[in-house]
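Chain A is the first sequence line, chain B the second, and so forth, proteins listed ahead of strands; every chain is numbered from 1.
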Number of protein chains: 2
Amino acid sequence: MRTISPPVGLPALAETDLVGQVARRLTEAIVQGRLLPGSKVVEAGIARELGVSRAPVREAARLLEQQGLLVAHPRRGFFVRQFAADDIDEIYDLRLCVERHAAVLAARNLTSESRDRLRRQIEVLHETADLEDPARQVEEDYRFHRLICEIAGNRRMLRLFDDLASELRMVIGLIGRLYDDPHEIARTHEPVLAAIEAGHPERIVAHVDYHIGHAWREVGRLVREIPPWPAAAK
Amino acid sequence: MRTISPPVGLPALAETDLVGQVARRLTEAIVQGRLLPGSKVVEAGIARELGVSRAPVREAARLLEQQGLLVAHPRRGFFVRQFAADDIDEIYDLRLCVERHAAVLAARNLTSESRDRLRRQIEVLHETADLEDPARQVEEDYRFHRLICEIAGNRRMLRLFDDLASELRMVIGLIGRLYDDPHEIARTHEPVLAAIEAGHPERIVAHVDYHIGHAWREVGRLVREIPPWPAAAK
DNA sequence: CAAGTCTAAACTGTCGACAATCGGCGATTA
DNA sequence: TAATCGCCGATTGTCGACAGTTTAGACTTG
């Protein structure tokens, strides 16, 4: 009688994943604006601060580079990415392209269970709108859009969304405030869900276009208004 | 009077980028099928073979992981990615989503110069069709599609395309042959370019859909036919 | 003979060390 | 006075080493 390895894929807990932990800490610091765009990320410094050696820090930095949060200048080190206005356009352009598609797919795959998750998430959006916690609000907003990608069922698309979202989180973090009243933002998610439930591709695309396009314009406006990014500490 | 630094831009030579070189070698080995899906990539082995230490190899491996060519199992090492039929679907689904959009943007940005580059590339496709060099043919094919993304002008989209293409190259390399007659493939690019030149979004999308959709179906068929991937040498 | 156990070898995760390189700053020169 | 040159400290790129874990295989046991 075989005591087979318990079949299913639980993502092996890698409690000793230093690289992952370092990456998370760095991401946090960047998104929260503790590491400003343009500033140099000194390997030894991070390593000492976290009580690890430079090797894991380097690997984590490469990860964040691939993710677009850091840029590497060979022989000079890693720097926190600086965003220009056209970066915002690129990100939103790509996001729009992906989310249109994701929403259409999501509509096709929609089950009562996934529909409820989307509805519930909109409720959460309304609930957090009352809290004075912009970071949380941004987070829950992305969670809704991420759900759509998840329901669409394309893992690569989901990862792409996550990458775009982490760049956007950084930008929004830098702006320091939301582009709209939280309640208003929460409300504007409803037509998108309605369109997905209705299942007409054209309507879905139209509503996603409107929703994302609005954010695009507003964030773009803010970025262009407050452009001289918070001091690129060498 | 300023003796400004001798004006022009020589592309900085980064000759000492071990990580990059290792990554390229590994990618090569994988795409050419010298490292089979499922096989373990032993850091020390690669390091010795290339005459470097393990550190650069690890960093390169992390890069390929992010790119989807390798998967990392904590404490067990890196393994060459195995593709299942639904991976093909994911990749083509995303590729279709991106290229539709890219083509429409490319049409919008089209200059006589970029148009000529596209035309020229189709000629190259016809020329290489006569050679008995599938790898080259695949390469030139991607070069055409990459040009479209380049002309579209969204760097992030271009990078996404490159990532998808490297996964596809690996799959096609494994299949070991093209899904169609090279001349036929070359020919089917013409309507796509024509639609882009004409500039009607609907026509562009329709032709891209047809072109990519065809490849999708054919590659999908081959993958399902020859499914038991060449021995996953543990 | 299948299943289970134990041991040695093979690897990965991390670290600390060292040489090569970069950026800044003061000295030098026109 | 301003542009250059050359030196010094700081930082990166790379390496070899070591501990802890996983894997492969020989060996036992029912």
Using the side chain to side chain contact (heavy atoms under 4.5 Å, CB included) criterion, which residues pair with A/Thr111? Sequence neighbours excluded. A/Glu113, A/Ser114

Within residues 20-32 of chain B or reaching into it, pairs that qualify as salt bridge (Lys or Arg N to Asp or Glu O under 4.0 Å) - sequence neighbours excluded: none

Let me have DNA chain D in dot-bracket notation, would you? Count Watson-Crick plus G-U wobble pairs, both distances under 3.5 Å, and use [ ] for pairs crossing earlier ones and | for inter-strand partners. ||||||||||||||||||||||||||||||

Between protein and nucleic acid, restricted to nucleotides 12-16 of chain D and to nitrogen or oxygen atoms under 3.5 Å apart, what atom pairs and distances do you find?
from	atom 1	to	atom 2	distance (Å)
D/dT12	OP1	A/Lys40	NZ	3.2
D/dG13	OP1	A/Arg75	N	3.1
D/dG13	OP2	A/Arg58	NH1	2.4
D/dG13	OP2	A/Arg58	NH2	3.1
D/dG13	N7	A/Arg54	NH2	2.7
D/dG13	O6	A/Arg54	NH1	2.8
D/dT14	OP1	B/Thr16	O	2.9
D/dT14	OP1	B/Leu18	N	3.4
D/dC15	OP2	B/Ser53	N	2.5
D/dC15	OP2	B/Ser53	OG	2.8

Checking A/Asp162 now: which residues fulfil salt bridge (charged side-chain N to carboxylate O under 4.0 Å, His left out) with it, not counting sequence neighbours? A/Arg146

Mind checking what makes side chain to side chain contact (heavy atoms under 4.5 Å, CB included) contact with B/Gln121, not counting sequence neighbours? B/Val124, B/Leu125, B/Glu140, B/Arg143, B/Phe144, B/Leu147

Partners passing salt bridge (charged side-chain N to carboxylate O under 4.0 Å, His left out) against B/Asp86 (at least two apart in sequence or in another chain): A/Arg155

For residues 29-54 of chain A, which residue pairs qualify under ring-ring contact (aromatic ring centres under 6.0 Å, His included), counting only residues two or more places apart or in two chains? none

Not counting sequence neighbours, list each pair that qualifies as a ring-ring contact (aromatic ring centres under 6.0 Å, His included) and has a residue in residues 45-76 of chain A. A/His73-A/Phe79

Under the side chain to side chain contact (heavy atoms under 4.5 Å, CB included) test against B/Cys149, which residue among B/Leu158, B/Asn154, B/Leu160 passes? B/Leu158

Salt bridge (charged side-chain N to carboxylate O under 4.0 Å, His left out) involving B/Arg58 - partner list, sequence neighbours excluded: A/Glu59, B/Glu43

Atom pairs under 3.5 Å: protein N/O with N/O of nucleotides 6-10 of chain C:
none

Considering only residues two or more places apart or on different chains, which pairs with a residue in residues 44-71 of chain A satisfy ring-ring contact (aromatic ring centres under 6.0 Å, His included)? none

